[in-house]
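The next block holds one structure in the form of structure tokens; read it before the comments.
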Amino acid sequence: MNIFFFHLMPYGDLDLSYTDKYDSAWVTLPNTYFDRSKGTAIYDRYINELSLADELGFDGICVNEHHQTAYGLMPAPNLIAGALTRTTKKAKIAILGRALPLVNNPVAIAEEFAMLDQMSGGRIITGFVRGIGSEYFASGIDPTLSHARYYEAHELILRAWTEPGPFQYHGRHYSFDYVNIWPRPVQLPHPPVWIPSQGSIETIEWCAAKERRYTYLQTFSPIELAQKNFDAYRACAEKAGYQAQASQLGWAIPTYVAETDEIARRELQPHIEAFFNKLLRFPIEMRMPPGYSSIASTKMLIERKYAVRASQQTIDTLSDLGMCIYGSARTVREKLLHHQKKMGIGNLISMLQIATQPAEQTEKSMRLFAAEVAPYLRANASTAVAAE
Amino acid sequence: MAETVSTQTVDVRGTKLKVQEAGSGETILFLHGAGGSNWTGLLDRLATKYRVILPEHPGFGRSQIPDWMMSVGDLALFYLDFIHALKLDNVHLAGHSLGGWLTAEIAIRNTTKLRSVSLLAPAGIAVADAPFGDIFLWKHEQSTRAQFHDQALAEKRLTVTPDLDLVLQNKSAVARLAWNPRLSNPQLPFWLHRIDRPTLLLWGRQDRIIPYACRVPYQQGIVQAQMETIDQCGHAIHNEKPAEAAAIMEKFLSGVKA
């Protein structure tokens with residue numbers, strides 16, 4: 001059981017009344033809402049929190065990429081990862097992930113990851129994503145080419161890491177006469193690849209394919225959906241002729257630990273509600289640009305699943321859906337262990353800083369988690385999936 | 001008095017198109033805009049004097065855009081094949097919005113089979129300080145309202161629930177053709193001189209999708225352009241002012257010498 005600390009680096013000082021005037025914290029929210037005098041202290045604090053996670057014994061720390069949004073101030077996550085190679089000693093550094101289709105030169109992504117792999121002494125985990133819908137408005141990349149560019153960029157990056165260069169690559173979307181990266185990554189056969197996703201069956205099948213066996217990471221979803229997707233992964237693996245390991249499955253979940261259940265609920269409430277209602281807020285047109293997903297998936301989101309996100313959530317509705325875990329250390333570890341056994345996951349990605357949550361609460365929660373939750377999970381986690 | 005509209009399927013080198021047609025006489029090939037293939041009041045009026053052909057672009061309606069089709073330039077060459085496949089000659093080529101842009105892209109490539117060119121509020125050329133409407137980000141109501149100057153017409157339109165499959169399919173095709181550069185081709189102004197046929201430019205004065213200011217580079221680039229404006233009219237000229245638009249087009253077309 002590997003336990004990770006995930007940080008989104010949100011702009012916690014966002015004036016939450018922005019929703020009176022704007023319908024999203026992404027792309028169209030004017031960046032005058034960002035106070036330029038606060039950024040330095042924000043990055044300092046967040047890098048310290050990530051570094052503290054290493055000191056506290058988390059197995060890994062995670063960053064990710066989003067563009068033009070108050071949701072996360074990491075349009076270039078590898079910059080943060082670079083700083084973390086200097087401030088941490090043991091923890092894996094997981095970049096979950098880079099959005100491959102958004103760039104016109106995927107070789108640059110192969111290069112940056114190879115640099116980080118060397119700088120960290122082989123501690124990085126790479127994540128490959130398509131970027132969420134809004135990022136196609138932010139980047140100008142045609143969303144109808146998202147899948148095709150993703151698969152092609154993935155192939156190119158894997159080849160750049162593993163094949164001796166120089167070689168030529170001439171695809172439909174990317175074309176290079178010389179692919180010959182310096183440095184090469186240190187990990188063999190290449191740095192681990194994780195696939196963070198909300199989960200479509202196509203993604204899960206691709207991820208679980210015998211030749212890849214990438215770790216599938218379910219992000220910020222109702223627990224029912226997470227369970228369904230982990231089961232689908234295991235089924236795909238079985239169909240491909242092998243048994244999926246727990247280490248191939250990861251679950252990302254906002255988590256908060258305090259002295260008691262009551263204190264945890266009281267302290268977490270404004271922040272978890274701000275996370276889902278204010279930061280993770282976009283109209284469907286922005287969330288699902290044309291051609292980004294199949295018409296069937298888009299319709300499903302419009303008609304059903306999207307209702308979860310679009311409606312105003314409360315800490316109780318979120319807790320009922322299994323979209324956050326909070327309480328005393330005892331409550332949190334029991335809940336997490338229960339879910340771990342049921343879902344058969346080997347990687348728990350705890351998001352222990354949530355939206356507007358201040359530094360003191362974040363550090364308290366991290367320390368309680370490291371001292372009283374993580375050891376219990378490591379001692380008791382099962383690698384087998386519990387019987388129903 | 002509306003002519004009967006017939007529908008057939010045309011196969012152009014393996015790509016099948018739904019093609020609607022009505023009327024007889026000289027041929028108008030009409031290329032629809034981003035909203036998809038709709039037989040409008042404008043076409044009804046034109047069909048009383050002309051043979052009007054309305055193909056549904058690949059990727060619109062119930063069809064998939066071919067994998068190889070990446071741009072309006074590709075679609076323009078495809079329609080030159082279409083004209084060849086239907087053995088059309090002396091065609092009055094016309095198009096609205098995305099279809100107007102497409103019309104210009106066809107005409108800069110080859111006017112051999114064309115008799116005239118009509119550009120109705122064409123996209124295709126971006127003008128500083130007159131941004132296109134964001135047809136991809138706008139909500140259905142906002143998009144619908146922006147189509148019309150007369151909001152009573154928009155409200156009437158809004159009472160009809162759109163076919164979601166159709167809307168998503170059409171938007172997806174438009175994205176493939178026009179996501180970036182958005183609804184335009186920066187190279188187009190450099191080739192407009194190649195349009196060596198009588199050309200009509202027709203705009204609604206209050207267009208909020210392809211603003212009126214976008215007419216200027218077309219006027220400057222096309223030597224034979226005749227500019228006409230309909231006042232109190234938004235982007236959806238063919239729906240908002242079909243009689244006026246038909247009268248202007250008929251007058252223009254009847255003045256075109258063979």
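Letters A, B, ... are given to chains in the order of the sequence lines, protein chains preceding strands, and every chain is numbered from 1.
B:H140 NE2: more than 12 foreign heavy atoms inside a 6.0 Å radius. More than 12 heavy-atom neighbours from other residues, nucleotides or ligands sit within 6.0 angstrom of CZ on A:R212. Heavy atoms of other residues, nucleotides or ligands lying less than 6.0 angstrom from CH2 of B:W191 number 12 at most. Counted within 6.0 Å of NZ on A:K239, heavy atoms from surrounding residues, nucleotides or ligands total 12 or fewer; the atom is thus considered open. Within a 6.0 Å radius of CD in A:E224, no more than 12 heavy atoms belonging to other residues, nucleotides or ligands are found. The 12-atom threshold is exceeded at CZ of B:R62, counting heavy atoms of other residues, nucleotides or ligands nearer than 6.0 Å.
Residues meeting the salt bridge (charged side-chain N to carboxylate O under 4.0 Å, His left out) test with A:E205, sequence neighbours left out: none.
Counting heavy atoms from C-beta on, the side chains of A:P290 and B:F136 come closer than 4.5 Å.
Scanning residues 63-78 of chain B against chain A with a 4.5 Å heavy-atom cutoff picks out B:D67, B:W68, B:M70, ordered by number. At a heavy-atom cut-off of under 4.5 Å, chain A is reached by B:L164, B:D165, B:L168, B:Q169, B:K171, B:S172 from residues 161-172 of chain B, listed in order of number. Residue-level contacts of residues 133-146 of chain A with chain B, in order of numbering, are A:Y136, A:F137, A:G140, A:I141, A:D142, A:P143, A:T144, A:L145; threshold 4.5 Å between heavy atoms.
With rounding to the nearest 0.5 Å, the separation of CG in B:D134 from CE in A:M286 is 9.0 Å.
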